[in-house]
Each structure stands twice: as structure tokens, then as C-alpha cells.
Number of protein chains: 2
Amino acid sequence: MEETTSVKQPVTDNTRERLLDRSEILFAHKGFAAVSVREITGSANCNLSAVNYYFGNKMNLYISVFKERWIPRMKQVRQYADDYLSSRQTIGISDIIRAFAKAFLDGPITDEERIYHFHLMQREIAHPTEALKMVVDEIIHPMHKDIRGLIKPSLPENLSSEKLALSIFTTISMILYFGFAQPVISLVMDQKFDPAFKSRVIDHIVSFAMNGINGLKKEETV
Amino acid sequence: MEETTSVKQPVTDNTRERLLDRSEILFAHKGFAAVSVREITGSANCNLSAVNYYFGNKMNLYISVFKERWIPRMKQVRQYADDYLSSRQTIGISDIIRAFAKAFLDGPITDEERIYHFHLMQREIAHPTEALKMVVDEIIHPMHKDIRGLIKPSLPENLSSEKLALSIFTTISMILYFGFAQPVISLVMDQKFDPAFKSRVIDHIVSFAMNGINGLKKEETV
DNA sequence: TTGACATTCAAACGATCGTTTAATACAAAC
DNA sequence: GTTTGTATTAAACGATCGTTTGAATGTCAA
């Protein structure tokens with residue numbers, strides 16, 4: 001049987017992919033410096049030299065994790081929110097909030113993924129590398145602007161852009177907090193993050209933020 | 001002149017205090033593993049062996065930072081909120097929210113302190129050591145219970161305790177977010193965190209959370 | 001079979017890590 | 001002055017770090 005070029009195995013950079021997968025988890029969990037190249041390559045079941053062979057050095061692997069894992073995942077999450085919204089006939093503010101809350105907390109990524117995804121970002125905020133600016137420019141800033149564009153039509157025209165921006169940040173803050181502070185929440189509330197609880201959390205966020213934004217509307221129009 | 005024992009210099013563990021001060025900042029900024037003992041002792045202007053002399057080892061210095069810096073600072077913040085509230089004749093929900101928002105964001109600690117204080121906590125959440133449980137048991141859990149006790153009288157009796165707990169967490173999440181995500185917020189809003197802006201942020205948090213909790217009240221009593 | 005290329009591997013490099021040691025400096029007590 | 005105990009210092013320890021090297025292995029085209 002003649003093999004076709006199309007069926008041919010992707011010459012697979014399989015080791016490269018495994019390195020990205022495993023190192024993302026380790027970097028998120030322990031931080032860049034706390035993870036050794038030996039730990040990464042051990043976890044990825046490959047030779048010590050593989051990091052330098054595929055990525056040049058450890059730092060470039062770290063940057064590549066953001067380029068090839070973190071950013072694509074955010075685009076996936078974002079796509080989920082967009083799909084949710086475009087499936088609706090009318091789009092109110094609560095739909096927008098729910099779209100993003102669901103996308104982040106109950107969307108296309110697993111619970112485990114979400115947690116280390118957030119942890120990576122927090123570590124960048126505490127100790128920025130070139131990854132932070134890349135991520136803010138490519139993902140966070142555009143997303144923020146898009147949300148602003150979505151919400152604005154539902155709000156009074158004279159609402160100051162600062163109040164709108166602050167409202168978006170506070171809403172996002174609630175979503176993010178439940179995404180990363182689960183250990184603390186579980187300890188204090190004595191409550192596991194099972195699907196039922198997560199669903200109640202999303203409902204809570206939506207109604208809480210809705211009331212916040214609607215209140216804003218009233219204040220302004222008075 | 002005879003020296004009195006009471007005037008006698010505190011035999012000052014000055015080096016010990018400097019080690020705590022400097023290492024807290026470094027640990028918060030870079031993480032435990034990313035900071036070397038040499039960097040700490042260099043920053044504290046003392047000999048390399050001082051860490052082991054005063055704290056036994058590096059990890060115990062880290063734990064001591066939480067015991068002797070982080071937890072006392074939280075008690076200081078908490079005291080600020082309590083003082084604010086006890087200076088009022090009547091205490092409404094908005095007073096409670098403002099008390100804690102001010103205590104955290106505009107209270108007795110400096111902006112720099114607040115940032116590394118939060119970063120230390122985030123690192124603990126991402127990669128818990130024995131410090132996390134200590135901090136949750138001694139500070140966070142009690143504070144949460146106290147806030148609950150303060151707010152409860154102003155809410156309908158039939159409000160589920162879960163909804164109350166979630167409301168507290170969401171309110172806290174807003175406060176914390178503005179405490180640690182300043183780099184991102186500044187980048188996106190193109191706005192420095194000067195005192196005027198901080199004051200508007202606090203007002204925003206108070207009204208946003210107030211509307212959220214009041215909405216909760218209405219939902220429940222229907 | 002041969003040659004070219006991509007990948008994996010074991011071994012070693014110098015640098016830096018946390019920690020230990022033993023000597024020294026210094027002040028107060030006797 | 002001597003003793004005592006605390007604090008600081010320089011030097012060294014073995015372990016581990018990121019990275020480099022050069023050989024071994026596998027793959028496919030010629």
C-alpha cells in the first residue's frame with residue numbers, strides 16, 4: 001500500500017507540544033524560577049536538552065506558553081462568549097454579563113485549565129515579563145473595548161466613560177475572583193466547586209453586576 | 001550616670017527586622033524560589049548567614065514574614081475599618097462596604113505596601129504553603145464571619161446564607177482587584193492611580209456593591 | 001545503500017543555590 | 001582583665017541550576 005502524503009504523520013513536534021502543555025501547568029503552579037528544566041522535561045517525558053532544542057532556552061519556552069497556549073485559550077473563551085451572544089435575538093446587559101461569566105467559568109475550558117490559566121496571569125501581574133504587555137495588547141485591551149461597545153448602547157449617553165470602564169472592571173473582577181480564589185472560597189464557605197454551585201455562582205454574578213450597572217444608570221439619569 | 005534597665009537599647013534585632021522588611025518585598029515581587037538568600041541579605045545589608053542565624057532557614061523566614069508582617073498588617077487594616085464604623089451613629093450596609101474598601105485601598109498602609117501585600121497572598125493561593133491555612137484561619141475566615149454578622153441585620157431574615165456569603169465575596173473581589181490589578185487597569189484605562197482616582201474607585205465600589213446587595217434584598221422578599 | 005536532516009540522548013560545563021562552619025568583633029557582667 | 005554570650009563575618013560545602021556538546025538514533029529521498 002502506497003502511503004499518501006496527506007495521511008503522513010504531522011512529523012509531529014509531539015515533544016514540543018508536550019513541553020508546552022506540561023510547562024504551562026508547572027509555571028502556573030510554582031512560578032518560572034521555581035520550576036527547573038529537569039522537572040519540565042521529566043514531566044513531559046523527554047530529554048533534558050529538548051527545551052533548548054525546541055525553544056532555545058527556558059525563558060523562551062515560558063514566552064511560548066503564552067503565545068501558543070494562553071492567548072489561543074483566551075481567544076477560545078472569547079469565541080464562546082461571542083457565539084452565546086450571537087445566538088440571541090436581543091442582547092441586553094445581563095446577556096452580555098452572562099456570556100462572559102459563562103465563557104470564563106463554565107465555558108470551553110476545564111476547571112483545571114482555568115485555574116492555571118489565571119495563576120499564570122497573576123504571576124505576570126506581580127512580576128511582569130514581556131508576556132504581560134503582549135497579553136494586554138493582544139487580548140485584554142481589545143476585549144475590554146469590545147465589551148464597552150456592547151454595553152454602551154444600553155446605557156444613558158451621558159454616562160461618563162470612566163464609570164463605564166470601572167463597571168466593566170468590577171464585573172470582570174467578580175468573574176476572575178471566582179476563577180482563581182477557589183481554595184479560599186472553599187475553605188471559608190465549606191463548599192466544593194461542583195457544577196451546581198458553579199451555576200449558582202454565575203447566576204449570582206449576573207444579578208449582582210446587573211443591579212450594579214442598572215443602579216449606575218439611575219444615578220446618572222437623575 | 002547610672003543607666004537604667006528600662007532605657008537600655010532593645011539589644012536591637014535590627015538586622016532581623018530588616019530581613020523581614022526586605023524579604024517580604026522580594027518574595028512578593030518575585031516569589032519564594034526566585035529570590036536568593038544572597039539577594040535578601042544584600043538588600044538588607046547584612047551577612048549571608050544572617051537568614052540562617054535568625055530564622056534557621058529560608059522557608060522559615062518566609063513563614064515569619066506572614067506571621068510578623070502580613071498578619072499584623074491585616075489586623076491594622078481591620079482595625080481601621082472597625083474604627084471607621086464605630087465612629088458612626090448608625091451603620092448601614094454602605095457604611096460597612098465603605099469601611100472595608102477604604103481600609104484596604106485608602107487605609108493605614110501605603111500603596112506600595114498594599115501591592116506587595118496582595119501579591120504575597122496571590123502567590124500563596126497559586127502555590128499554598130503552611131502560610132495560607134494560617135492566614136485563612138487567623139484572618140480571612142474571622143473577618144468574613146464578622147462582615148456577615150454586620151450585614152445580616154440589614155437584610156431579610158429569609159435570605160439564604162449562601163447568597164449572603166457570595167455577596168460578601170463579590171464585594172471583596174472588587175476591592176481586591178483594584179488593589180492588585182493596577183498595572184492592567186492603568187494600561188487599559190490610561191489612568192494613573194492618583195488619590196483622586198482612588199477616591200472615585202472607592203465611591204464606585206460602594207455604590208456598585210450597594211446596588212448589588214439591595215437588588216438581592218428585593219429578589220428575596222418578592 | 002548512501003547521504004542529509006531532524007530528533008533524542010548521556011555527559012559534562014561553569015554558575016549559583018541554601019546551608020554550615022569556625023573564626024572574629026563587640027559589649028556587658030564580674 | 002577576664003569571662004560570657006550575642007552578633008557578624010569570610011570561606012567553604014555539596015547540591016542543583018540552565019545550558020552546551022557531540023555522539024547516537026531514526027526517517028526518508030536519492
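By convention in this document, chain letters (A, B, ...) are assigned in the order of the sequence lines, proteins followed by strands, and residues within each chain are numbered from 1. In this text, all values refer to a predicted model and were calculated from it rather than measured experimentally.
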Nearest 0.5 angstrom please: B:M189 CE to A:I168 CD1, how far?
9.5 Å
To the nearest angstrom, the CG-P distance between A:N14 and C:dT8 comes to 9 Å
Is the NZ or CZ atom of A:K58 positioned over A:F32's six-membered ring, under 6.0 angstrom from the centre and within 45° of the axis?
yes
Check the orientation of B:F169 and B:H144. Use parallel for under 30°, tilted for 30 to 60°, and perpendicular for over 60°.
tilted
Decide, yes or no, whether a salt bridge links B:R73 with B:E24 under the criterion of side-chain N to carboxylate O below 4.0 Å.
yes
Strictly below 4.0 Å: does B:N47 bring a side-chain N or O up to OP1 or OP2 of D:dA10?
yes
Strictly below 4.0 Å, heavy-atom distances to any atom of DNA chain D: list the hits from residues 56-67 of chain B, or just say none.
none
Could you tell me whether the side chain of B:S49 has a donor or acceptor atom within less than 3.5 Å of a complementary atom in the base of D:dA10?
yes
Short N-O contact, A:E17 and A:R69, less than 4.0 angstrom
yes
Quick one: does NZ or CZ of A:K198 land under 6.0 Å from the six-membered ring centre of A:F193, within 45 degrees of the ring axis?
no
Just how far, in rounded Å, is C1' of C:dA6 from CG of A:N52?
17 Å
By salt bridge (charged side-chain N to carboxylate O under 4.0 Å, His left out) - contacts of B:E39 (at least two apart):
B:K30
Rounding to an integer number of Å, can you tell me how far B:F55 CZ sits from C:dG18 P?
15 Å
Would you tell me if any nitrogen or oxygen in the side chain of B:Y53 comes within less than 4.0 Å of OP1 or OP2 on D:dT6?
no
Going by number, which of residues 26-44 of chain A have a non-hydrogen atom under 4.0 Å from DNA chain D?
A:V35, A:S36, A:V37, A:R38
Parallel, tilted or perpendicular, judged at 30° and 60°: which one describes the rings of B:F27 and B:Y62?
perpendicular
What is the distance, to the nearest angstrom, from the CG atom on B:L48 to the P atom on C:dC17?
10 Å
